[in-house]
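Below: the structure, in structure tokens.
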Amino acid sequence: MAEPAPSRGLDSLGFIEREGSHARVPDVFRPVVVAARDRLLDAFGARLDSAYLYGSIPRGTARVGRSDLDLVAVLRAEPTGADREAARGLGEAVDKEFPQIDGVGTLLYSRARVLSELERYDIGWFVACQCTPLLGEDLAEFLPRYRPDSLLARETNGDLARFLPRWRDRIAAAEDTEEALRPLVRFMSRHLVRTGFTLVMPRWNGWTSDLREMAEAFAGYYPERAEQLRRAAESGYEPVGDRAVLRTYVDDLGPWLAAEYARVHGVKAPRPAEEA
């Protein structure tokens with residue numbers, strides 16, 4: 001059994017520190033952030049409660065032409081189909097305008113959902129610890145501090161088994177082209193690496209969003225699966241549209257990881273059906 005690593009990503013009291021800040025946004029991405037902020041206001045107006053950045057851009061690790069822009073829009077009411085269409089249109093417009101990014105993703109939630117008891121250790125934690133405020137009131141002020149414990153592990157990634165059948169359907173339906181498969185490899189690779197990391201997070205006693213560091217933390221406790229997660233981490237950063245890679249995810253690594261996660265941390269509390 002690996003020894004716990006020195007705590008990182010935690011404050012002096014052992015709580016997870018918030019990632020990212022506007023000060024860390026590289027200069028080349030600042031016009032992108034400004035444009036996204038303005039378009040969020042145009043798209044949602046008074047319905048917008050707050051908005052956030054997350055991912056590599058506010059962490060200062062984004063790569064020009066390779067990294068995407070990740071946004072969260074929190075609305076005063078539950079998002080509608082029209083809201084999701086507006087978010088897609090916003091993303092397409094910003095992506096087309098700025099060649100320094102490779103896509104835009106916007107998550108939509110209601111204020112009530114972010115602050116709900118059910119989502120306190122999932123979406124609430126995500127907003128409080130992984131998101132950088134961009135517009136409106138910072139909902140982290142209404143949420144608790146978080147430790148890297150088994151409860152957090154269960155409620156963030158304890159639902160992989162539910163997603164795997166949907167992943168298989170998406171793989172089967174995807175065209176056999178680099179353009180169609182590459183985004184699936186990137187998404188599923190990142191999801192599996194993060195799940196592998198949160199499986200060991202309470203023992204590792206820290207937090208990181210670096211996929212390679214996540215894989216190494218996992219390797220200290222599951223050496224027999226270490227190379228699989230290391231390769232997934234590389235595919236999360238440099239994906240290649242390979243259907244065989246996707247099949248190993250849903251036929252081998254994913255099922256094993258889901259079963260081990262349930263054994264160690266239990267299963268995430270049921271939520272309304274969502275797309276994976």
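Looking only at side-chain heavy atoms (C-beta outward), Q130 and E19 come within less than 4.5 Å of each other. You'll find the side chain of V104 stays beyond 4.5 Å of the side chain of E92, heavy atoms only. Put simply, the side chain of R59 does not reach to within 4.5 Å of the side chain of Y54, judged on heavy atoms.
Separation of the W204 and Y221 ring centroids does not fall under the 6.0 Å cut-off. For W207 and F15, the ring centers sit 6.0 Å or farther from each other.
Across all non-hydrogen atoms, the minimal contact from F218 to G196 is CD1-O, 3.3 Å.
A distance of 11.0 Å separates OG1 of T248 from CE of M188, quoted to the nearest 0.5 Å. Distance CD/E260 to CZ/R225: 9.5 Å, rounded to 0.5 Å. Going from atom OH of Y146 over to atom CZ of F126 covers 12.5 Å, rounded to the nearest 0.5 Å. To the nearest 0.5 Å, the span separating CG on D122 from CZ on R154 amounts to 11.5 Å. Atom CZ of residue R247 and atom CG of residue L253 lie 13.5 Å apart, to the nearest 0.5 angstrom. To the nearest 0.5 Å, atoms OG1 (T195) and CE (M214) are separated by 9.5 Å.
Residues L134 and V114 fall into different hydrophobic clusters, defined by Ile, Leu, Val, Met, Phe, Trp and Tyr side chains chained together at heavy-atom separations under 4.5 Å. L90 and Y52 fall into different hydrophobic clusters, where Ile, Leu, Val, Met, Phe, Trp and Tyr residues are linked whenever their side-chain heavy atoms come under 4.5 Å apart, directly or through other members. Under the 4.5 Å side-chain heavy-atom criterion for grouping Ile, Leu, Val, Met, Phe, Trp and Tyr, L152 is connected to I123 within one hydrophobic cluster. One hydrophobic cluster holds both L53 and V28 under the rule that ILVMFWY side chains link at heavy-atom gaps under 4.5 Å. Hydrophobic clustering (side-chain heavy atoms under 4.5 Å, transitive across Ile, Leu, Val, Met, Phe, Trp, Tyr) keeps V72 apart from V25.
Partner of P79 under the side chain to side chain contact (heavy atoms under 4.5 Å, CB included) criterion, chosen from V74, L108, L107: L108.
Around the CD atom of E224, the shell of radius 6.0 Å holds more than 12 heavy atoms that belong to other residues, nucleotides or ligands.
The aromatic rings of F187 and H191 sit perpendicular, their planes meeting at an angle over 60°, well past the 30° parallel limit.
A donor-acceptor pair is defined here as one N or O able to donate and one able to accept, closer than 3.5 Å; such a pair exists between the side chain of S116 and the backbone of R113. Distance alone, capped at 3.5 Å, is enough to place a donor-acceptor pair between the Y261 side chain and the A153 backbone. Side chain of R37 to backbone of L135: no donor-acceptor contact under 3.5 angstrom is found. The backbone N or O of A233 sits nowhere less than 3.5 Å from a side-chain atom of R212 that would complete a donor-acceptor pair. In this structure, the side chain of E137 does not engage the main chain of S50 through any donor-acceptor pair within 3.5 Å.
For R66 and D102, the salt-bridge test fails: no basic side-chain N is under 4.0 Å from an acidic carboxylate O. Using a 4.0 Å cut-off between charged nitrogen and carboxylate oxygen, E238 and R63 count as a salt-bridge pair. Look at E85 and R88 and you find a salt bridge, because one of the NZ, NE, NH1 or NH2 atoms lies within 4.0 Å of a carboxylate O, short of that distance.
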For R18 and D138: C-alpha separation, side-chain torsions, deciding distance, then whether salt bridge (charged side-chain N to carboxylate O under 4.0 Å, His left out) applies. CA-CA 12 Å; R18 190 173 218 169; D138 181 10; 2.7 Å; yes
Test salt bridge (charged side-chain N to carboxylate O under 4.0 Å, His left out) on R30 and D27; report intermediate values, then the result. CA-CA 5 Å; R30 291 187 181 278; D27 289 343; 3.2 Å; yes
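Side chains of S189 and Y237: no donor on one and acceptor on the other come within 3.5 Å. Inspection of the S110 and E78 side chains reveals an N or O donor paired with an N or O acceptor under 3.5 Å.
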